[in-house]
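The block underneath contains the structure these notes are about, expressed in structure tokens.
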Amino acid sequence: MERIIVCLKPVPDPKQWDEVSMDPETQTLIREGIASVINPLDKHAIEAALSIQGVLGGEVVLLSMAPPSAASTLREGLAMGADRAVLLSDRMFAGSDTLATAHVLAAGCRWLGDNDLIICGNMSIDGSTAQVGSQLAELLDLPNIMHVIDLDLGEDGSMVVTRKIEHGFARLRGALPLVISVRKELNKPRYTSFTGILAAESKEIKVLSNEDLKISPEVIGIDGSPTKMAGIELRRFERAREKLDGSVDEIVESLAGRIYQYGII
Amino acid sequence: MSGDMNGIWVFAEQRGGELHEVSLELLGKARELADEAGKKVTAILLGHDIRSLSQLLLNHGADSVLVGDDPRLKTYRLIPYARVMASLVHTYDPEILLMGATYMGVELAPRVAAKVRTGLSAHCIDLRLGEKGQLLQVVPGWGGGVIATIACPDHRPQMATVMPGIMKALSAIEREDTVKEIEIDLPEKGLGPEVLEVKREKPDQLPLEKAEVVVAGGWGIGSQEDWKMIESLAELFGGSVGATRPPVDEGWAEEGQMIGQSGKTVRPKLYIGIGISGVMHHVVGMDQSEHIITINSDPDAEIFDTSDVIVVEDFRKVVPKLIDEIRARLKK
Ligand SMILES: Cc1cc2nc3c(=O)[nH]c(=O)nc-3n(C[C@H](O)[C@H](O)[C@H](O)COP(=O)(O)OP(=O)(O)OC[C@H]3O[C@@H](n4cnc5c(N)ncnc54)[C@H](O)[C@@H]3O)c2cc1C
Ligand SMILES: Nc1ncnc2c1ncn2[C@@H]1O[C@H](COP(=O)(O)O)[C@@H](O)[C@H]1O
């Protein structure tokens, strides 16, 4: 095994999501003051990479497309035990949709050289599209498998993967190089040790811009993204909220009455 | 011929010869959009020995079906499926392509979109037509707290995935047969991982998305013991049991019973929510239900904003009596 890449997305801390508000004029979300964390599933991706590395060797590289401030989030991933990180950061990348993001990540993978395995989280919690893994694989012309809940690597470079399907699972065998997207059932991410945090301080985070990657502006950023935001609004919920009053017996009586009215019983 | 097949496409998902429900739901939506835009609906059916499913697709709203029947497509494999879909798109140039946000669709749709270099929006909750035939794709973001509308103005097809249970299938009408077989052209090698085994179990309860009644419980139920009350109530209606995240974490309910942003989307005729606070993450999965009744001891519970009928009480006082009352009425 030469190299395993983990695609790591820094996301706004879900604990602070209720602090998100919207600027009515610009129709954009205000997320100032909200800390970034590693996308939860990407920790499972890091764990998978580290445990494979434990058996087959090679280096584990974290790859992220994000603003320069994401370096601190990458540092957390390095503290878990990854060897180095590459941060793809350029104004030109801003506003990328999933396809444009995949173009940038693909360029990052190519910049790194030959990669045996690329591991993504199945889905990010902010974008929640679950699209980047498959699109990255397509752009790199590599096979990919999503919804991974178990995996076994053979010495011969083949990999047996269990993936979830409706009411069951499928087992597949693929040859490396391969892109996989993992679910949380796969493993339990290790805790970061104090020595891990210290070691991470001296690990490299290489920052690359589009001067290094030279991706055509036509496929990246807002202008290069095929999907466009046509509107955004805060969701409102409004229903009658008719309160049933009285003794418990009376309430039960009216509840059963409603259920009858609805044609259920 | 291709003139009739460049309108709205629905990927008809089948596994083991069984059509996924979401395909018929998508056909229902596609029919509505097509009638509005004066276009035709085409269903794309891939597999082996699956021709008999075409009639079902026609009866549920497709004007025509493109069938790719080949032993190599018998079991779903991403690379061959993506190749065939992309080559069909290149040949027929459809305006719109809809797929289910199923385990298969979530993996396949982005790969196809990247192959044909077009836009794709995930987990849409609504689809509308905008100016110049644009497909407006409504998606929840940020845990469902915001609703974004996405368009794909300059690339075709406009692609979207939709969660099962959101669109309504049309009732079947016997329709005329326009089925076209397509040639499957695949290389010998480079088809990606081989499938060793597929294992599926019959789900023991009615799938949540299909249940007419969903009784959902939250953290407020408090114990495995009391969770049985939720199950008994659901059983009386022949309905299904749903849950918020905490009961799943506690092990009272299964992962597949979770409703909300990271779980299922349901729109039953009746949703009864018990001991649920009504955090957005959960509400986005149930707020399209026809009738919503909720029971919560906290008079300020947020769930009430999404409720038609509310009961401010300890559920332990109400639910056992409700079970008796319903049982008595059913006996009559
Ligand atoms: C990224 C992300 C994704 C998530 N996705 C989902 C998702 O898909 N689905 C989901 O459900 N959650 C999801 N969650 C979790 C979600 O944020 C909430 O934590 C969860 O929905 C709360 O569940 P609850 O209402 O059961 O619990 P609580 O918020 O603890 O509410 C319990 C309620 O029970 C009431 N209660 C207590 N005792 C009684 C009694 N005796 N009688 C009547 N009422 C009583 C209380 O008043 C309270 O309102 C997600 C969270 C994150 C961060
Ligand atoms: N900007 C990004 N940088 C690095 N990895 C990403 C980025 N966006 C998405 N990913 C990867 O793709 C997975 C799925 O993300 P998404 O398609 O946004 O749901 C994530 O879990 C990451 O592994």
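In what follows, chains carry the letters A, B, and so on, assigned in the order in which the sequence lines appear, proteins first and then strands, with residues in each chain numbered from 1. Computed from heavy atoms alone, side chains included, the values below leave out hydrogens, waters and symmetry copies.
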Quiz item: Are any of the side-chain heavy atoms of B/L120 and A/T98 separated by less than 4.5 Å?
Solution: no
Quiz prompt | Closest contact, heavy atoms only, A/R241 versus B/P299 | solution = NH2-O, 4.4 Å
Exercise. Apply salt bridge (charged side-chain N to carboxylate O under 4.0 Å, His left out) to B/E197 and A/R173, showing your working.
Key: CA-CA 10 Å; B/E197 181 191 7; A/R173 179 166 45 225; over 6 Å; no
Self-check item: Proximal component of A/I145, with respect to chain B [non-hydrogen, under 4.5 Å]
Solution: both
Exercise. Output yes when a side-chain donor or acceptor of A/H147 lies under 3.5 Å from a complementary backbone atom of B/Y103, and no otherwise.
Key: yes
Self-check item: Taking every non-hydrogen atom, the tightest pair across B/K199 and A/I165
Solution: O-CD1, 4.2 Å
Quiz prompt | Distance (rounded to the nearest 0.5 Å) between A/Q261 CD and B/L270 CG | solution = 12.0 Å
Quiz prompt | Proximity breakdown for B/V213 and chain A, heavy-atom pairs closer than 4.5 Å | solution = side chain
Quiz item: Where on B/I293 is there a heavy atom nearer than 4.5 Å to chain A: the side chain, the backbone, both, or neither?
Solution: side chain
Quiz item: Highest number of heavy-atom pairs under 4.5 Å with chain B: which of A/R163, A/M159, A/M229, A/E253?
Solution: A/R163
Quiz item: When only pairs under 4.5 Å are counted, which of B/E212, B/Q158, B/Q137, B/H20 shares the most heavy-atom pairs with chain A?
Solution: B/H20
Quiz item: Taking the side chain as C-beta and beyond, is there a heavy-atom pair between B/T118 and A/T227 under 4.5 Å?
Solution: no
Quiz item: Does a side-chain heavy-atom distance below 4.5 Å link A/M146 with B/V106?
Solution: yes
Quiz item: Parallel, tilted or perpendicular: which fits the ring planes of B/H291 and A/Y262, with parallel below 30° and perpendicular above 60°?
Solution: parallel
Exercise. Just give me the residue among B/V198, B/D308, B/V311 that pairs up with chain A most often, heavy atom to heavy atom, under 4.5 Å.
Key: B/D308
Quiz item: If you round to the nearest 0.5 Å, how far is CD of A/Q131 from CZ of B/R111?
Solution: 14.0 Å
Quiz item: Is the shortest distance from a Lys or Arg side-chain nitrogen in B/E194 or A/R171 to a carboxylate oxygen in the other one below 4.0 Å?
Solution: no
Quiz prompt | Sidechain N-carboxylate O distance under 4.0 Å for A/R239, B/D305 | solution = no
Self-check item: Donor-acceptor contact below 3.5 Å, side chain A/S134 vs main chain B/E107
Solution: yes
Quiz item: Of all heavy-atom pairs between B/P193 and A/L172, which one has the smallest distance, and what is that distance?
Solution: CB-CD2, 4.0 Å
Exercise. For the pair A/K243 and B/E313, find out whether any cationic side-chain nitrogen is under 4.0 Å from an anionic carboxylate oxygen.
Key: no
Exercise. Sort B/L322 into side chain, backbone, both or neither according to what part of it lies under 4.5 angstrom from a heavy atom of chain A.
Key: both
Quiz prompt | Contact origin within B/S121 toward chain A - heavy atom pairs under 4.5 Å | solution = backbone
Quiz item: Taking C-beta and beyond as the side chain, do A/I232 and B/I147 meet within less than 4.5 Å on heavy atoms?
Solution: no
Quiz item: Using non-hydrogen atoms only, which part of A/N144 is less than 4.5 Å away from chain B: side chain, backbone, both, or neither?
Solution: both
Quiz item: Where is the tightest heavy-atom contact between A/V248 and B/K321, given as atom of each residue plus distance?
Solution: CG1-CD, 3.9 Å
Quiz prompt | Heavy-atom contact with chain B under 4.5 Å, split by part of A/L142 | solution = backbone
Quiz item: Does any heavy atom of chain B fall under 4.5 Å from the side chain of A/V161, the backbone, both, or neither of them?
Solution: neither
Quiz item: Which region of A/R258, side chain (C-beta onward) or backbone (N, CA, C, O), has a non-hydrogen atom less than 4.5 Å from a non-hydrogen atom of chain B, or is it both or neither?
Solution: side chain
Self-check item: Leading residue by heavy atom contact count with chain A [cutoff under 4.5 Å; candidates B/E255, B/M159, B/R200, B/E290]
Solution: B/R200
Quiz item: Going through the checks in order, is the side-chain contact (heavy atoms from CB on, under 4.5 Å) test met by B/T102 and A/E166?
Solution: CA-CA 8 Å; B/T102 56; A/E166 275 80 10; 3.2 Å; yes
Practice problem: Check whether any side-chain heavy atom of A/L139 sits under 4.5 Å from a side-chain heavy atom of B/R117, and report yes or no. | Solution: yes
Quiz item: Contact part of B/F237 toward chain A, heavy-atom cut-off under 4.5 Å: side chain, backbone, both or neither?
Solution: side chain
Quiz item: For the candidates B/I326, B/I292, B/V319, which exhibits the highest count of non-hydrogen atom pairs separated by less than 4.5 Å from chain A?
Solution: B/I292
Quiz item: Once you round to the nearest 0.5 Å, how far does CG of B/L233 lie from CD1 of A/I259?
Solution: 7.0 Å
Quiz item: If you count heavy-atom pairs under 4.5 Å with chain B, which of A/V132, A/V219, A/D97, A/T129 comes out on top?
Solution: A/T129
Exercise. For A/K43, look at atom NZ and say whether over 12 heavy atoms of other residues, nucleotides or ligands are found less than 6.0 Å away.
Key: no
Quiz prompt | For chain A, the option from B/M104, B/R15, B/K269, B/K317 that forms the most heavy-atom pairs under 4.5 Å | solution = B/R15
Exercise. For the residue pair A/L244 and B/V312, establish whether any side-chain heavy-atom pair is separated by less than 4.5 Å.
Key: no
Quiz item: Does any non-hydrogen side-chain atom of A/K228 lie less than 4.5 Å from one of B/P153?
Solution: yes
Quiz item: When you measure from the side chain of B/E325 to the backbone N and O of A/V252, does any donor-acceptor pair fall under 3.5 Å?
Solution: no
Self-check item: For the student: nearest non-hydrogen atoms of A/A130 and B/P110, plus distance
Solution: O-CG, 4.3 Å
Self-check item: Crowding at CG, B/L196 (>12 non-hydrogen neighbours, <6.0 Å)
Solution: yes
Quiz item: Taking every heavy-atom pair that is under 4.5 Å apart, which of B/A101, B/G239, B/S262, B/A148 has the most such pairs with chain A?
Solution: B/A148
Quiz item: Are side-chain heavy atoms of A/L255 and B/V318 found at a separation under 4.5 Å?
Solution: yes
Quiz item: chain B: which of A/H103, A/K164, A/E138, A/H167 shares the most heavy-atom pairs with it under 4.5 Å?
Solution: A/E138
Quiz item: What pair of heavy atoms forms the shortest contact from B/A113 to A/Q135, and how long is it?
Solution: CB-NE2, 3.8 Å
Quiz item: Under a 4.5 Å heavy-atom cutoff, which of A/I264, A/I251, A/D245 has the most pairs with chain B?
Solution: A/I264
Practice problem: Measure distances from A/A137 to the heavy atoms of chain B and classify the residue's part below 4.5 Å as side chain, backbone, both or neither. | Solution: both
Self-check item: Engaged part of A/M123 at the chain B interface, taking heavy atoms whose separation is under 4.5 Å
Solution: side chain
